[in-house]
Colleague: 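Take this structure, written in structure tokens, and hold onto it; I'll ask about it next.
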Protein chains: 2
Amino acid sequence: MSRIPATERRAALAHAALAVISRDGLAAATTRAIVAEAGMPLASFHYAVASRDELLRDVVELVVAEEGVAALAPLLAKAGSIREAAKLALSGYLEFVRRDPGHEQAMFELTQYALRTPGLSDLPAEQYARYHALATELLDAATAQLHPDWSVPMPDLARLLVSFTDGLTLAWLADRDDAAAARSIDLAAVAIAGFAREKVRA
Amino acid sequence: MSRIPATERRAALAHAALAVISRDGLAAATTRAIVAEAGMPLASFHYAVASRDELLRDVVELVVAEEGVAALAPLLAKAGSIREAAKLALSGYLEFVRRDPGHEQAMFELTQYALRTPGLSDLPAEQYARYHALATELLDAATAQLHPDWSVPMPDLARLLVSFTDGLTLAWLADRDDAAAARSIDLAAVAIAGFAREKVRA
DNA sequence: CGTCGTCTGGGACAGTTGTCCCACTTCGGC
DNA sequence: GCCGAAGTGGGACAACTGTCCCAGACGACG
């Protein structure tokens, strides 16, 4: 084990923890499993971080700091309407979930655990504030491209969008029904487009 | 401890387990915590049930068997439109969540745990099939009362409805923002009503 | 070149967990 | 009334957990 400053070790541990949680679940993310994933001796754990819960706090913040939906923005470029844009973005998101279901499961597990843990109960609010901000950015990008008039406030629509993606994900994780998920997305796209008054296109 | 047949003890343990999970979370639902909640000696646990995971299976099935949204149907009686009906039902549901947040958290925790646990991975699909069936019943009740024509298949709309309630619940659990949740419900109600062509009323 | 703070890693600790065993008591059917 | 089956409950076990300690090694700065 080469010499690594504590702050770097801390970051490495957070990444390792996220990997373990994605693969095996939060319950399996013991201190020993995390250091094994990171290739460190056990003692490095409490040298780099005060407690397991504090490391989990790092994990949530790591997740929140990630780009997230930035990868979806390019999809909008192909869209000629709000409905199409919504469908492409939601389909792209579901594809992302399908590619690594464990990652999204990890998000849910972390949120639920944080809600139950005294020292971490403030995290979920941050987490969802970030989600809502990301959704707003995506809606802004679509607006900049298609110039619709929205009949509802953008933050409210963003929250609706996040709620729907969460629910879509939970249902798909539970029954893995691709076709049903696709139909849900179609409906949601129509519903979202219903809040936009689009300008006529050439 | 009076003499109780094993099957009754098993049911009592499932109820006790649900109580513990709702109050303290799934991680706190140890065999000892569950039997303490049920007022039984520890040994009764493995006499009534083969393992902890099998008991959790019982808990999920207990939950799935429960009425659930039946209490929301009466709310529809006051509604004069689909939009109003949706708003009343969703508000009623959120009120239910607000009254006992731990219960809904327990649902999410159980689903996630089951997905990760080899012997229980079939449960979430059942669970969500039940949710979708319940949502369909509620939509049917609204249809019977207001006689709209729906532009989309009822099962698809039911799945959308469940997805939205899940997402609504997750977001509210995270930030406890009542006002934002109410605005989400308003938007969702409009969106749902958008799929209905309502007959003119007198 | 020495020394002091930073980092390493092996080992150990106490607490908790799921599960099991065994001696005991109670009940229903003969 | 008796006896086998069903139910009870105290105690124990091995495994695993988060956390901590301590002796040693390294590297930068004087």
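We name chains A, B, ... by the order of the sequence lines, and we start the count at 1 in each one.
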Colleague: Check the distance between D:dT17's P and A:Leu56's CG and give it to me in whole angstrom.
Modeller: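 Atom-to-atom, A:Leu56 to D:dT17, this comes out as 14 Å.
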Colleague: If you check every side-chain atom of A:Ala43, which of D:dT19, C:dT19, C:dG9 has the closest atom?
Modeller: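 For A:Ala43, the side-chain atoms sit closest to C:dG9.
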Colleague: Rounded to whole angstroms, how far apart are OH on A:Tyr113 and C1' on D:dG18?
Modeller: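 Rounded to the whole Å, the gap is 11 Å.
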Colleague: From CG of B:Leu13 over to C1' of D:dG7, roughly how many Å is that when rounded to an integer?
Modeller: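 The answer, rounded to whole Å, is 14 Å.
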Colleague: Assign A:Thr30 to base, sugar-phosphate, or nothing according to its heavy-atom contacts below 4.0 angstrom with the strands shown.
Modeller: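 A:Thr30: backbone/sugar contact only, no base atoms under 4.0 Å.
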Colleague: Using the side-chain heavy atoms of A:Thr31, tell me which of these nucleotides is nearest: D:dG18, D:dG7, D:dA12.
Modeller: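 For the A:Thr31 side chain, the nearest candidate turns out to be D:dG18.
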Colleague: Send over the distance from B:Phe45 CZ to C:dG18 P, rounded to a whole Å.
Modeller: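 Interatomic distance, CZ of B:Phe45 to P of C:dG18: 8 Å.
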Colleague: Closest approach to the side chain of B:Ile4, judged atom by atom: which nucleotide of C:dA12, D:dG11, D:dT8 is it?
Modeller: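 It is D:dT8.
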Colleague: When you check the gap from the basic side-chain N to the acidic O, do A:Glu126 and A:Arg130 get nearer than 4.0 Å?
Modeller: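 Looking at A:Arg130 together with A:Glu126, the answer is no, because their closest N to O distance does not fall below 4.0 Å.
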Colleague: Can you tell me how far C1' of D:dT19 sits from CD1 of A:Ile34, to the nearest Å?
Modeller: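 About 14 Å, once rounded to whole Å.
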Colleague: Provide the closest heavy-atom pair for B:Pro148 versus B:Ile82 in the form atom of the first, atom of the second, distance.
Modeller: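 Closest approach of B:Pro148 to B:Ile82: CG-CD1, 3.7 Å.
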Colleague: If you find the nucleotide of DNA chain D closest to B:Leu42 and the one closest to A:Ala27, which residue's nucleotide is nearer the 5' end?
Modeller: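 Looking at the nearest nucleotide for each, B:Leu42 comes out on the 5' side.
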Colleague: Out of C:dT8, D:dA12, D:dG7, which nucleotide sits closest to the side chain of B:Arg9?
Modeller: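 Given the options C:dT8, D:dA12, D:dG7, the side chain of B:Arg9 is closest to D:dG7.
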Colleague: Calculate the interatomic distance between B:His46 atom NE2 and D:dG10 atom P; express it in whole Å.
Modeller: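 In whole Å, D:dG10 P and B:His46 NE2 are 17 Å from each other.
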Colleague: Less than 4.0 Å between a side-chain N and a carboxylate O, is that true for A:Glu54 and A:Arg57?
Modeller: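 A:Glu54 and A:Arg57: not salt-bridged.
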Colleague: Measure from the side-chain heavy atoms of B:Arg52 and tell me the nearest of D:dT19, C:dG18, D:dG9.
Modeller: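 The nucleotide sitting nearest to the side chain is C:dG18.
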Colleague: Aromatic rings B:Phe96 and B:Tyr93: how do their planes relate, parallel, tilted or perpendicular, breaks at 30° and 60°?
Modeller: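 The arrangement is tilted - the two ring planes meet at 30° to 60°.
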Colleague: Could you tell me the separation between the CZ atom of A:Arg10 and the P atom of C:dC7, rounded to a whole number of Å?
Modeller: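 Nearest whole value for this atom pair: 13 Å.
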Colleague: So, is B:Arg3 near the phosphate of C:dG28, with a side-chain N or O under 4.0 Å from OP1 or OP2?
Modeller: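 No.
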Colleague: Looking at A:Glu37 and A:Arg23, does any basic side-chain N land under 4.0 Å from a carboxylate oxygen?
Modeller: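 Salt bridge: yes.
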Colleague: Need to verify one output field. Residue with the more 5' nearest nucleotide on DNA chain C, B:Asp53 or A:Tyr47?
Modeller: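 That would be A:Tyr47.
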Colleague: D:dG9 P sits how many Å from B:Arg32 CZ, rounded?
Modeller: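 Computing the B:Arg32:CZ to D:dG9:P distance gives 16 Å.
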